[in-house]
A.B. asks: 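This structure is in structure tokens; I'll ask about it shortly.
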2 protein chains.
Amino acid sequence: MIAIGALSRRTGVNIETIRYYERIRLIPPPGRTDSGRRLYGAEDVRRLTFIRHARDLGFDTAAIKAMLALQEVPEASCEEVSRIAADQLAAVESRIRRLAGLRTELTRMINECDNGEVATCRIIEVLAEAPGQTVDH
Amino acid sequence: MIAIGALSRRTGVNIETIRYYERIRLIPPPGRTDSGRRLYGAEDVRRLTFIRHARDLGFDTAAIKAMLALQEVPEASCEEVSRIAADQLAAVESRIRRLAGLRTELTRMINECDNGEVATCRIIEVLAEAPGQTVDH
DNA sequence: GTACATCCTGTAGCCACTACAGGAGCAACC
DNA sequence: GGTTGCTCCTGTAGTGGCTACAGGATGTAC
């Protein structure tokens, strides 16, 4: 059984964030020592590691809760977890496309800026122009 | 001179967001009608369009404020604006790299999931594993 | 015993909005 | 002139996902 600081170091999740996750019921309330300090076990490490990875992958806590709920009921179909992941994949791909466009524009703006005066700087000009095509969010 | 609703439609910025920008002094307080309604002109359209584009590009309001301040002083060098954009470009490229990794992992997880039971679903297994290499944020 | 690290609860702050509530003004039609 | 319905106003509170205190208790090492 380990304390919250060790759990934090082991999972890479901030102590305050662990307590926050407990507050929003993303992780169950752990056992306590006689003096009231939180005690975690291997299952808590596993669960928090899962949550951390899912957050890294861009899942929001609602999606994580859904997946954890499915984990609790192993006889359930994998299809729903797969569907959640597929939704997330689509969102990730959309973000990548959008960022690639931004990268192109930023690169062009920086290249076009010849370090002259702001009055002739293309960065501000380009950004003040009306949108050619609206990028969906 | 146009009302806030027309400004919102013309720039694609939410009415509530326009008032929020005024509150945080990202845009100057506009003129008013006798009855107290906000009135905007061409310069406001330009400024808000600039802000909207900059937000779309992922600039935070602090960076936008910095650029707008430089715009007010056209004799200033373009270098600082360029530097802000370069910083932003680096952040965008980092995000793209990270998301590409996530996409790979999500794709693999979905492919490996054979729609069996959750107990054998790789999505949860993969996410519960310890990180091979920490991805920087 | 004393220094220092770690932990506790509770609350408030962060960013960039977004969503009300509760009211006033305005434009069009009958 | 009345009524309908849209737009606008201020002010406040909520959102997500944390993060940062304050002010104290507990634990550990020397």
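Reckoned from all heavy atoms, side chains included, excluding hydrogens, waters and symmetry mates. Every chain is numbered from 1, with letters handed out A, B, ... down the list of sequences.
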A.B. asks: Heavy-atom distance under 4.5 Å between the side chains of B/Ser8 and B/Val13, does that happen here?
C.D. replies: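 Not in contact.
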A.B. asks: I would like to know whether A/Tyr40 and A/Ile4 meet side-chain contact (heavy atoms from CB on, under 4.5 Å); could you show each step before the answer?
C.D. replies: CA-CA 7 Å; A/Tyr40 299 94; A/Ile4 197 167; 3.8 Å; yes
A.B. asks: Quick one: is A/Asn14 getting a side-chain N or O under 4.0 Å of the D/dT19 phosphate, OP1 or OP2?
C.D. replies: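 Checking A/Asn14 against D/dT19: at least one side-chain N or O falls below 4.0 Å of OP1 or OP2.
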A.B. asks: Would you tell me if any nitrogen or oxygen in the side chain of B/Thr17 comes within less than 4.0 Å of OP1 or OP2 on C/dT18?
C.D. replies: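 For C/dT18, OP1/OP2 do have a side-chain N/O of B/Thr17 under 4.0 Å.
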A.B. asks: Consider the side chain of A/Ser35, meaning its heavy atoms from C-beta on, and name the nucleotide among D/dT26, D/dT19, C/dT18 that approaches it most closely.
C.D. replies: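 For the A/Ser35 side chain, the nearest candidate turns out to be D/dT26.
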A.B. asks: Roughly, in whole Å, what's the span from CG in B/Leu39 to P in C/dC26?
C.D. replies: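 Spelled out: CG on B/Leu39 to P on C/dC26 is 11 Å.
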A.B. asks: May I ask you to verify whether the side chain of A/Arg37 and the base of C/dT6 hold a donor-acceptor pair under 3.5 Å?
C.D. replies: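 Pair found.
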A.B. asks: Could you give the CD-to-P distance, from A/Glu22 to D/dG17, as a whole number of Å?
C.D. replies: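 Result: 18 Å.
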A.B. asks: Side chain of A/Glu16 only, heavy atoms from C-beta on: which candidate in D/dC18, D/dA20, D/dC8 is closest?
C.D. replies: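 Closest nucleotide to the A/Glu16 side chain: D/dA20.
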A.B. asks: Using the closest heavy atom to pick a nucleotide of DNA chain C for each, name whichever of A/Ile15 or B/Thr33 lands nearer the 5' end.
C.D. replies: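 So the residue in question is A/Ile15.
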A.B. asks: Return the value, rounded to whole Å, for the distance between atom OH of B/Tyr20 and atom P of C/dA19.
C.D. replies: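 Answer to the nearest Å: 15 Å.
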A.B. asks: Under 4.0 Å, counting only non-hydrogen atoms across every strand here, what does A/Arg19 touch: a base, just sugar-phosphate, or nothing?
C.D. replies: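 Here A/Arg19 touches the bases of the nucleic acid.
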A.B. asks: Can you measure B/Arg23 atom CZ to C/dA16 atom C1' for me and round it to whole angstrom units?
C.D. replies: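 The distance from CZ of B/Arg23 to C1' of C/dA16 comes to 11 Å, rounded to the nearest Å.
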A.B. asks: Atom CD1 of B/Ile18 and atom P of D/dC9: how far apart are they, to the nearest Å?
C.D. replies: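 Distance, rounded to whole Å: 10 Å.
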A.B. asks: In whole angstrom, what separates B/Arg9's CZ from D/dC8's C1'?
C.D. replies: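 Roughly 12 Å, once rounded to whole Å.
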A.B. asks: Kindly determine whether A/Asp44 and A/Ile27 satisfy side-chain contact (heavy atoms from CB on, under 4.5 Å), including the steps that lead there.
C.D. replies: CA-CA 8 Å; A/Asp44 297 302; A/Ile27 56 175; 5.9 Å; no
A.B. asks: Compare the minimum distances between each of D/dG17, C/dC7, D/dC8 and the side chain of A/Ala3, then state the nucleotide with the smallest one.
C.D. replies: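 Of the candidates, C/dC7 comes closest.
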A.B. asks: Check this one for me: any side-chain N or O of B/Tyr21 less than 4.0 Å away from OP1 or OP2 of C/dC17?
C.D. replies: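 Affirmative; the distance criterion is met.
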A.B. asks: Taking C-beta and beyond as the side chain, do A/Leu26 and A/Tyr20 meet within less than 4.5 Å on heavy atoms?
C.D. replies: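 SC-SC contact between A/Leu26 and A/Tyr20 ruled out.
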A.B. asks: Starting at CG of B/Leu48 and ending at P of C/dA16, how long is that distance when rounded to a whole Å?
C.D. replies: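 That distance rounds to 15 Å.
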A.B. asks: For the atom pair CZ (A/Arg9) and CD1 (A/Ile2), what is the distance rounded to the nearest 0.5 Å?
C.D. replies: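 CD1 of A/Ile2 is found 8.5 Å from CZ of A/Arg9.
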A.B. asks: D/dT26 P sits how many Å from A/Arg32 CZ, rounded?
C.D. replies: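 Value for this atom pair: 13 Å.
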A.B. asks: Just call it for B/Arg38: base, sugar-phosphate, or nothing, with non-hydrogen atoms closer than 4.0 Å on any strand.
C.D. replies: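 Sugar-phosphate: the residue B/Arg38, judged by heavy atoms under 4.0 Å, touches backbone atoms but no base.
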A.B. asks: C/dT18, D/dG17, C/dA16: which one has an atom nearest the side-chain heavy atoms of A/Thr61?
C.D. replies: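 Shortest atom-to-atom distance from the side chain points to D/dG17.
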